[in-house]
Amino acid sequence: MALRCDLIIRDATIIDGTGAASRRGDIGVSGDRIVAVGDLGGASADREVMAGGKAVAPGFIDSHTHDDRAVLCGPACMTCKISQGVTTVVVGNCGVSLAPARFTNRPPPPLDLIGEDGWWRFDSFGDYAHELKKQGSEVNTYALVGHQTMRVEVMNGDVMRVANDAEIERMRLRVKQSLAEGASGFSTGLYYPLNMHATTEEVIAVAEPLRAYGGIYVTHMRDEADRVCASIEETLKIGDRVGCPVWISHHKCSMPENYGRSNQTLALIDAYAQSQEVCFDVYPYPAGSTVLMPDRLRDDVKVMITWSIPHPEMAGKYLSDIARGWNTDIRLAAERLLPAGQITFQMDEADVRRIMAHPMSVIGSDGIPHDAHPHPRLWGTFPRVLGLYARELRLFTLETAVHKMTGRPAAVFGMVDRGVIREGAYADLVLFDPNTVIDRATFENPKQESAGIEEVWANGVSTFVAGKGATGEKPGRLVTRGRA
Ligand code: ZN
Ligand code: CU
């Protein structure tokens with residue numbers, strides 16, 4: 001009997017996510033799974049999409065996000081991602097996760113970057129997972145729980161010190177319970193004041209349950225500037241002592257005096273990779289973004305304001321221009337803008353490219369979804385890698401670019417049956433035009449949909465169609481490490 005599918009995408013250039021060369025063929029989907037790949041000339045389907053030689057890849061995995069709350073608020077928050085072809089996001093990065101924590105007031109920065117008052121109501125990760133299931137989401141969610149979040153709650157805000165034994169034990173139990181309830185790993189943001197007083201030993205103690213649960217340790221390292229190599233060593237030491245894989249977030253060599261040092265950092269990571277499992281993500285821009293921190297400003301590094309509670313009109317303006325207008329220096333101007341967010345032009349494009357081209361790197365946007373004037377990475381990361389870095393600059397092949405957004409992160413994170421196009425895998429798919437795909441978001445005008453992404457499916461359900469936007473469907477699920 002002839003095969004009957006729910007959906008067949010015909011005559012596509014299939015880029016399967018493994019890094020293998022693309023091939024022409026058809027893809028059959030039934031329910032939430034890919035049921036056939038190849039020549040499906042004898043098969044029929046309820047819906048047939050003619051790709052006309054355009055590319056079909058596994059849906060992109062955004063390996064580094066702060067979408068903990070965005071996944072709960074519908075297309076208004078998630079169009080930035082689904083319009084890029086994203087079907088899975090990793091939340092809870094940089095030590096900042098929405099669960100497990102309950103706060104009645106606005107939490108200190110950078111926790112406030114994912115949610116203000118009212119959003120901090122998940123006493124356990126299980127509560128968050130339950131809410132996600134109830135609300136549904138446009139994308140699949142893979143979650144980490146964050147050290148900053150747990151420190152603020154467990155230490156009752158008194159975080160400018162090492163945690164005591166009782167506090168460490170409470171955080172350790174929080175991690176353990178979260179992993180049992182569907183979280184996949186633990187993250188730190190040791191760079192941030194809320195986290196920086198935690199010693200390596202505190203991190204190792206809190207992260208201990210990762211070994212038994214097969215979880216992953218993900219870190220925004222203590223220092224991405226002068227002491228970046230020491231930070232890499234600390235990260236690998238934590239992974240070794242805990243007995244878990246490690247993931248370095250948004251790898252960079254920050255500040256002008258460290259430009260070019262990615263030669264050293266990548267060699268160091270390569271050396272460790274001989275004996276330990278390690279991965280790192282990178283976003284395709286030479287500027288970072290986080291909350292505004294006046295103490296860390298420098299005169300030789302440009303800063304753009306992304307939001308400000310007392311001065312919302314300053315979003316999108318350079319701090320130096322604001323300071324000039326106020327007749328003051330950048331530090332005092334920054335104090336006046338708090339709480340606020342910043343984009344920092346602190347990287348060298350050559351380092352960004354070297355890190356992106358490294359075979360172990362994967363792509364993560366690090367987009368900050370609730371900023372008034374966000375870094376353009378929120379809307380542009382994936383099409384920019386495909387269109388600018390693969391097609392135009394030929395930094396790597398299109399197949400390699402796709403692998404860094406799909407098969408590789410799925411393998412390291414342990415996302416079973418995702419990130420690849422093959423029979424039996426989940427039907428997370430993106431149809432795009434490899435000749436036109438490109439980002440349109442810029443630093444000046446950051447909330448722009450990309451070009452060339454034609455349709456996106458998660459678990460077999462269409463979530464985004466070019467020209468129409470979000471379909472309103474919410475087929476996304478919680479994805480847990482190592483379990484189908
Ligand atoms: Zn970070
Ligand atoms: Cu981040």
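H64 is linked by a ring pair (Phe, Tyr, Trp, His ring centres under 6.0 Å) to H66, H250, counting only residues two or more places apart in sequence or in another chain. Applying the side chain to side chain contact (heavy atoms under 4.5 Å, CB included) test to R391 and every residue at least two apart in sequence or in another chain returns V437, I438. R222 is linked by a side chain to side chain donor-acceptor pair (under 3.5 Å) to E234, counting only residues two or more places apart in sequence or in another chain. Applying the side chain to side chain contact (heavy atoms under 4.5 Å, CB included) test to D127 and every residue at least two apart in sequence or in another chain returns F122, D123, S124. T149 pairs by the side chain to side chain contact (heavy atoms under 4.5 Å, CB included) definition with S97, A101, L111, W120, not counting sequence neighbours. Every side chain to side chain contact (heavy atoms under 4.5 Å, CB included) that V35 has, sequence neighbours left out, goes to C5, S30. Looking at residues two or more places apart in sequence or on another chain, you find no ring pair (Phe, Tyr, Trp, His ring centres under 6.0 Å) involving F396.
A cation-pi arrangement is not found for R377 relative to Y285, the charged atom failing to lie both closer than 6.0 Å to the ring centre and inside a 45° cone about the ring normal.
Applying the side-chain contact (heavy atoms from CB on, under 4.5 Å) test between K54 and each of D11, T436, L431, N435 identifies L431 as the sole match.
Within the structure, salt bridge (charged side-chain N to carboxylate O under 4.0 Å, His left out) contacts touching residues 279-289 (residues at least two apart or in different chains) do not occur. Identified under the salt bridge (charged side-chain N to carboxylate O under 4.0 Å, His left out) test for residues 80-93, with sequence neighbours left out: D62-K81, D67-K81. Residue pairs that meet the salt bridge (charged side-chain N to carboxylate O under 4.0 Å, His left out) test with at least one member in residues 427-442, sequence neighbours left out, are R384-D439, R418-D428. Residues in residues 464-480 take part in these salt bridge (charged side-chain N to carboxylate O under 4.0 Å, His left out) pairs, two or more places apart or across chains: D32-R477. Within the structure, ring-ring contact (aromatic ring centres under 6.0 Å, His included) pairs that include any residue of residues 439-459 comprise F345-F443, H375-F443 (at least two apart or interchain).
The two residues S187 and N93 come nearest to each other via the heavy atoms OG-C, 3.7 Å. When every heavy atom of T480 is checked against every heavy atom of S184, the shortest pair comes out as CA-OG, 3.5 Å.
Listed for the Q342 side chain is a donor-acceptor partner under 3.5 Å among the backbone atoms of M293. Looking only at distances, a side-chain donor or acceptor of Q84 sits under 3.5 Å from a matching main-chain atom of T381.
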